[in-house]
Amino acid sequence: MDAIQRARRITWKVLISNFVVMWLLIAMATSLMFVEGRLHWWRAVPALIAAICFTWLCPRILNEILDRRRYPTRQVVVAAVLAVVVAVVGGADPLGWGFVLLCWLGVATLEVPKRTSWSMAAGTCVAGVALSGLAMVTGTSLMGLDLPVGEGLVFSALTYGLFCAIVPPSNRVWVWIWTLAVQAHEGREAHTRLALAEERLRFARDLHDLVGHQLSAIAVKTELAVRLSDMDAGAAKAEMAEVNALTRKALRELRQAVRGYRELDLAAELNSVKGVLEAAGVRCEVHLPYGELPDGVAPVFAYAVREAVTNVLKHSTATFCDITIRFTAQEAELSVRNDGVARRPGADLGSGLTGMGERMAAVGGKMSAHPTDDGEFLLKAVVSIPIAG
């Protein structure tokens, strides 16, 4: 499960917890009414049905808001009607059946302007107090058993006012955090796409600079050789010899360019991944040996560093990453440690890390990637010196 899925699950649990509280309060109120002998099934059953329909509808409203970033006005209105039905029929005690009004408020005020949110909160508070007073007058309120109507209204006003001031801001904060997580994820993906586009442009520019001149010269000289073929065979042959030389030179430079991209530069790769990590909010520290690495080690470790950092960005929630390279006369070791443990089985390393393991094995090395006992994730690559292959 990646960071976005975890953020969504946490946000979902917090928002749904209001409905858990609602049903607990409904169960308590119904039990007390039954004990007092004031439970009328002709009122309780319709209220229960309306509450079930309300509970079924609200998660769908949350899905529309969280996933589709769309405010389902029609569904919100239907939920409001159901909430009012529950409060009227069941009794609008704020700590009983009336809590359904507060649950509706917590959902309805998501993704609306702040001023609209406060207006809805004020309206819900007034409606809740009015319905609570009506319930006390008609004898369907538990508060009416122990409190006079005036004191009951004061209690309802304080309770509804407190909840209407707390529920909408707290729910909106969680949705705001979820939105920030989504935007951060999208920004990271956009940064990756931009880096790939820049790399393609750089490769195209280098390729043009390397072989563009030779190809232009080849085109000119082949055209000249065609013209000279009927008039001066010797000159045409000389031009074709130059075309052959230019072609071999272009092919040699093209192979050098491709080899340069295949054999990554370790120093450049370390600078690149450090910049990418820090741009993504991950503090990065790099520890290098004092001497130069033995021949053939740097390109191998450059690939390993790139894949390890890609794994950190894709599959973890790291805030810190440490890259350390050390070597002895017998072997060289690369370790990449981060504090964002990917919650995957150890054997499921992903195609990138699997490919890296195969690449390490091809040069006589070995690679391991696993969570550590101190809650971190460690990737280690070791190659023997001299490099095999």
Side-chain angles (χ1 to χ4, degrees), residues 12 15-65 71-110 120-164 167-168 171:
W12 181 264
L15 297 178
I16 291 298
S17 64
N18 294 329
F19 297 90
V20 177
V21 174
M22 180 192 81
W23 280 105
L24 289 175
L25 293 175
I26 288 176
M28 292 173 56
T30 304
S31 300
L32 289 174
M33 292 290 285
F34 180 78
V35 171
E36 295 290 339
R38 300 171 60 87
L39 181 64
H40 303 291
W41 294 108
W42 62 272
R43 299 176 66 95
V45 171
L48 183 62
I49 294 174
I52 293 174
C53 293
F54 175 81
T55 306
W56 175 84
L57 181 59
C58 283
R60 284 153 180 78
I61 297 175
L62 292 176
N63 281 331
E64 292 288 330
I65 294 175
Y71 189 80
T73 304
R74 181 177 301 177
Q75 296 180 23
V76 171
V77 172
V78 173
V81 173
L82 290 172
V84 171
V85 169
V86 173
V88 171
V89 179
D93 291 330
L95 299 181
W97 290 90
F99 196 81
V100 69
L101 296 171
L102 300 172
C103 288
W104 172 84
L105 179 65
V107 173
T109 52
L110 300 177
M120 296 171 72
T124 302
C125 181
V126 171
V129 174
L131 293 175
S132 178
L134 177 64
M136 284 186 284
V137 171
T138 57
T140 58
S141 171
L142 284 173
M143 291 188 300
L145 301 178
D146 301 320
L147 297 175
V149 175
E151 294 181 7
L153 285 175
V154 172
F155 177 80
S156 294
L158 292 176
T159 306
Y160 274 116
L162 178 63
F163 279 115
C164 287
V167 171
N171 284 4

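Since we're looking at a predicted model, the values are computed, not measured.
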- For the pair Leu15 and Leu110, evaluate side chain to side chain contact (heavy atoms under 4.5 Å, CB included) and give the outcome as yes or no after the intermediate values. CA-CA 11 Å; Leu15 297 178; Leu110 300 177; 4.2 Å; yes
Could you measure the distance from the [atom1] atom of [X] to the [atom2] atom of [Y]? Nearest 0.5 Å is fine.
{"X": "Leu82", "Y": "Gln75", "atom1": "CG", "atom2": "CD", "value": "11.5 Å"}
{"X": "Ile26", "Y": "Ser31", "atom1": "CD1", "atom2": "OG", "value": "11.5 Å"}
{"X": "Leu158", "Y": "Cys125", "atom1": "CG", "atom2": "SG", "value": "9.0 Å"}
{"X": "Thr30", "Y": "Trp97", "atom1": "OG1", "atom2": "CH2", "value": "4.5 Å"}

- Check for a donor-acceptor pair, side chain of Tyr71 on one end and backbone N or O of Ala108 on the other, with a separation under 3.5 Å. yes
- Item | Main-chain N/O of Met120 paired to Thr124 side chain as donor or acceptor, under 3.5 Å |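 Such a contact is found between Thr124 side chain and Met120 backbone.
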- Item | side chain to side chain contact (heavy atoms under 4.5 Å, CB included) between Ile16 and Leu62, worked out | CA-CA 9 Å; Ile16 291 298; Leu62 292 176; 4.0 Å; yes
- Note on the structure: Of Val129, Thr159, Leu131, the one forming a side chain to side chain contact (heavy atoms under 4.5 Å, CB included) with Pro94 is Thr159
- Of the options Leu105, Asn171, Val100, Val107, which is the one that meets Asn18 in a side chain to side chain contact (heavy atoms under 4.5 Å, CB included)? Asn171
If you look at every heavy atom in [X] and [Y], which pair is closest and at what distance?
{"X": "Val85", "Y": "Ala50", "result": "CG1-CB, 4.0 Å"}
{"X": "Ala47", "Y": "Val86", "result": "O-CG2, 3.7 Å"}
{"X": "Ala135", "Y": "Gly91", "result": "CB-CA, 4.1 Å"}
{"X": "Gly96", "Y": "Ala29", "result": "CA-CB, 4.0 Å"}
{"X": "Pro72", "Y": "Ile61", "result": "CG-CG2, 3.8 Å"}
{"X": "Tyr160", "Y": "Ala92", "result": "OH-O, 2.8 Å"}

- Task: Kindly indicate, with the supporting measurements, whether the criterion side chain to side chain contact (heavy atoms under 4.5 Å, CB included) is fulfilled by Leu95 and Phe155.
- Result: CA-CA 11 Å; Leu95 299 181; Phe155 177 80; 4.3 Å; yes
- Does a side-chain heavy-atom distance below 4.5 Å link Trp104 with Leu57? no
- If we only count heavy atoms from C-beta on, is the Met136 to Leu153 side-chain gap below 4.5 Å?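 SC-SC contact between Met136 and Leu153 confirmed.
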- Query: Using the ring of each side chain (for Trp, its six-membered ring), is Phe54 parallel, tilted or perpendicular to Phe19, with breaks at 30° and 60°?
  - Reply: tilted
- Task: Please collect all salt bridge (charged side-chain N to carboxylate O under 4.0 Å, His left out) contacts where either partner lies in residues 40-60, sequence neighbours excluded, each pair once.
- Result: none
